[in-house]
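Input: a single structure, listed below in structure tokens.
Throughout, protein chains are lettered first and strands after them, A, B, ... in sequence-line order, and every chain is numbered starting at 1. In this text, all values refer to a predicted model and were calculated from it rather than measured experimentally.
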Amino acid sequence: VTCRELTAFLDDYLAGELPAETRVRFEAHLAVCVNCHVYLAQYQETIELGRRAFVEDDETPAMPDDLIQAIVKSLKDE
Amino acid sequence: MSEPASPPVPPVLDEEALAQGLRSGDPQAFEQVVRTYGGRLLAVTRRILRDEDAARDAVQDAFVSAFKARRQFKADSRVSTWLHRIAVNSALMRLRTQRRKAEDPIDPLLPGFEDAGRHREHFVAWQEPADVTVSRRETAAAVRRAIDQLPESYRTVLLLRDIEGLDTEETARMLGVTANAVKIRLHRARMALRTLLAPEFQEAAS
């Protein structure tokens, strides 16, 4: 397995969707390739950072009153 | 229900009561649904559209669609999930009408390899900045800015899969592409986002 091959299937590897044999070969590469090891960690961290980036939105879900009124009006018109 | 006094304080209704209100088609009951879920849906359409007016219009479209389709709401689903999908779809429909300019290629943001298949770049482990409370907000803002820099078709897939939590098939259906195209775009979008975030965290590490 090369770094290129491992990188191409990183998402399948993390999702546990690789055939067992391929998985073993990937893990053998990861055990000896520090660069791929770091890259994999950063890829996982990127997913996590993306998920956390919008958490504030969910903490303050303010809905402007004029928008509520506009929606209610359009529903009455339906 | 009488007209609420100003400022309106909506009664807190549970999911079941809201689901009944939704199915009943009673506009006042539906208003409770709008008050309860509107803010969260607006956050969703803002994320996708990045334009306040368009986001507001998309939320309005979503509630009108939901009202019309209320009989299709199944008793065993969650109101929040059902409305969320409608809002995502409504935002995507607006995004399609907005999209005008050709998008930049993603390739410069993907990792490069030598002929033997080794990574061309040497990666340095990231570190969390020391000041957690202040930096968490700053980090989130930096990540949002980085996501905004992704080419549109990749940004959309990343948002739908990693942020909005849709699965591959739902994302494919909503975007009118194959599940395989979603998988490829998501993987590339994550790799590109990693590249965009690297300077941020390598600075913190050094």
Closest non-hydrogen contact found for Leu42(B) with Ala62(A) is CD2-O, 4.1 Å
Taking atom CZ of Phe73(B) as the centre, report whether more than 12 heavy atoms of other residues, nucleotides or ligands fall under 6.0 Å from it. yes
Grab the two heavy atoms, one from Thr7(A) and one from Pro111(B), that are nearest each other, plus how far apart they are. CG2-CG, 3.9 Å
Can a donor-acceptor pair be found, under 3.5 Å and without considering hydrogens, that links the side chain of Glu121(B) to the backbone of Asn35(A)? no
Closest non-hydrogen atoms of Arg144(B) and Ala53(A), given as atom of the first, atom of the second and distance, are NH1-O, 2.7 Å
So, the part of Ala70(A) with a heavy atom under 4.5 Å from chain B: the answer is both
Name the member of Thr46(A), Val1(A), Thr2(A) that forms the most heavy-atom pairs with chain B at distances under 4.5 Å. Thr46(A)
If you count every heavy atom of other residues, nucleotides or ligands that lies below 6.0 Å from His29(A) atom NE2, does the total exceed 12? yes
Quick check for you: to the nearest 0.5 Å, what is the distance between Leu197(B) atom CG and Glu45(A) atom CD? 9.0 Å
Counting heavy-atom pairs under 4.5 Å to chain B, which of Ala8(A), Cys33(A), Ala41(A), Cys36(A) comes out on top? Ala8(A)
Inter-residue atom distance Lys73(A).NZ - Glu31(B).CD, 0.5 Å rounding: 14.0 Å
Proximal component of Leu158(B), with respect to chain A [non-hydrogen, under 4.5 Å]: neither
Could you name each residue pair satisfying salt bridge (Lys or Arg N to Asp or Glu O under 4.0 Å) that touches residues 187-198 of chain B, not counting sequence neighbours? Asp162(B)-Arg190(B)
Can you say whether Lys183(B) sits under 4.5 Å from chain A via the side chain, the backbone, both, or neither, judging by heavy atoms? both
Arg35(B)/Val72(A) under side chain to side chain contact (heavy atoms under 4.5 Å, CB included): CA gap, chis, key distance, verdict: CA-CA 10 Å; Arg35(B) 286 186 181 278; Val72(A) 169; over 6 Å; no
Chain B interface, residue from Met63(A), Arg51(A), Gln42(A) that has the most non-hydrogen pairs under 4.5 Å: Gln42(A)
Step by step, would you call His187(B) with Tyr43(A) a side chain to side chain contact (heavy atoms under 4.5 Å, CB included)? CA-CA 9 Å; His187(B) 184 39; Tyr43(A) 183 89; 2.7 Å; yes
Residues of residues 81-91 of chain B with any heavy atom under 4.5 Å of a heavy atom in chain A: none
Minimum heavy-atom separation for Val64(B) to Leu75(A), with atom names? CA-CD2, 4.0 Å
Under 4.5 Å from any heavy atom of chain A, what part of Ala116(B) do you find: side chain, backbone, both or neither? backbone
Show the numbers, then the answer: is there a side chain to side chain contact (heavy atoms under 4.5 Å, CB included) between Ile71(A) and Phe30(B)? CA-CA 10 Å; Ile71(A) 292 168; Phe30(B) 207 83; 5.6 Å; no
Which one of Val34(A), Leu67(A), Leu10(A) has the most heavy-atom pairs closer than 4.5 Å to chain B? Leu67(A)
Hey, what's the ring geometry for Tyr39(A) with Phe123(B), parallel, tilted or perpendicular (30° and 60° as the breaks)? tilted
Which of the residues Asp11(A), Val38(A), Leu6(A) is involved in the greatest number of heavy-atom pairs with chain B at under 4.5 angstrom? Asp11(A)
Sequence neighbours excluded, every pair satisfying salt bridge (Lys or Arg N to Asp or Glu O under 4.0 Å) that has a member inside residues 104-115 of chain B: Glu114(B)-Arg118(B)
Strictly less than 4.5 Å between heavy atoms, which residues of residues 12-28 of chain A line up against chain B? Please order them by number. Asp12(A), Glu17(A)
